[in-house]
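Working notes, beginning with the structure itself.
This chain uses plain numbering: 1 for the first residue, then up along the sequence. These figures come from a predicted structure and were not determined experimentally.
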Amino acid sequence: MYLWPDAEDDDQPLQVIGENPYVIPGEKDGAPRADLKKPWSAVTKAAGIEGTRIHDLRHSFASVGAGASFGLLIIGKLLGHSQAATTHRYAHLDADPMHKAVNTIRVTLSPAMNGEAKNNVLAIKRTRNAT
């Protein structure tokens with residue numbers, strides 16, 4: 001599991017209950033909690049975000065990652081996906097960074113295509129086809 005620095009705060013470490021490796025342990029030793037409805041309802045009520053589903057948080061996490069151009073492979077690993085197809089549903093969210101990348105490349109190459117040197121890019125000399 002990857003956590004950001006605030007979640008790994010030494011002053012308030014995550015509590016481990018017995019030998020159970022899960023963040024939300026179940027009633028049986030070493031097992032995760034099977035039903036999160038009651039604790040999730042209490043959490044969303046306390047936070048003032050009733051109606052928010054756990055999946056909404058995962059989707060938001062993946063959306064921000066895709067929008068930041070982290071790539072679907074990295075996002076999938078962070079979400080614990082074993083199949084690339086599972087993460088592919090977020091591919092549409094990666095479109096804006098793709099447009100930004102194309103525009104950045106265009107801004108650099110267009111002057112060179114027009115015979116102008118810019119940003120250490122050499123101008124391209126056009127030749128006529130000898131036919």
CZ of Phe70 to CG of Leu78: how many Å apart, nearest 0.5 Å? 8.5 Å
Out of curiosity, Ile54 CD1 to Leu36 CG, how far, rounded to the nearest 0.5 Å? 4.5 Å
Is the shortest heavy-atom distance from the side chain of Pro25 to the side chain of Arg33 under 4.5 Å? no
Taking all heavy atoms of Gly30 and all of Pro21, pick out the closest pair and write down the distance. CA-CD, 4.4 Å
Residue pairs fulfilling salt bridge (Lys or Arg N to Asp or Glu O under 4.0 Å) with at least one residue in residues 46-64, sequence neighbours excluded: Arg53-Asp56
Pair listing, salt bridge (Lys or Arg N to Asp or Glu O under 4.0 Å) test, anchored in residues 34-43, at least two apart: none
Output all residues satisfying side-chain contact (heavy atoms from CB on, under 4.5 Å) with Thr86, sequence neighbours left out; order by chain, then residue number. His81, Gln83, Arg89
Please say yes or no: joined through hydrophobic side-chain contacts below 4.5 Å, possibly via intermediate residues, are Val43 and Leu57 part of one cluster? yes
Is it possible for you to say whether Leu73 and Ile75 belong to one hydrophobic cluster, with membership spreading through side-chain heavy-atom contacts below 4.5 Å? no
Looking at OG of Ser82 and NZ of Lys77, how far apart are the two atoms once the value is rounded to the nearest 0.5 Å? 12.0 Å
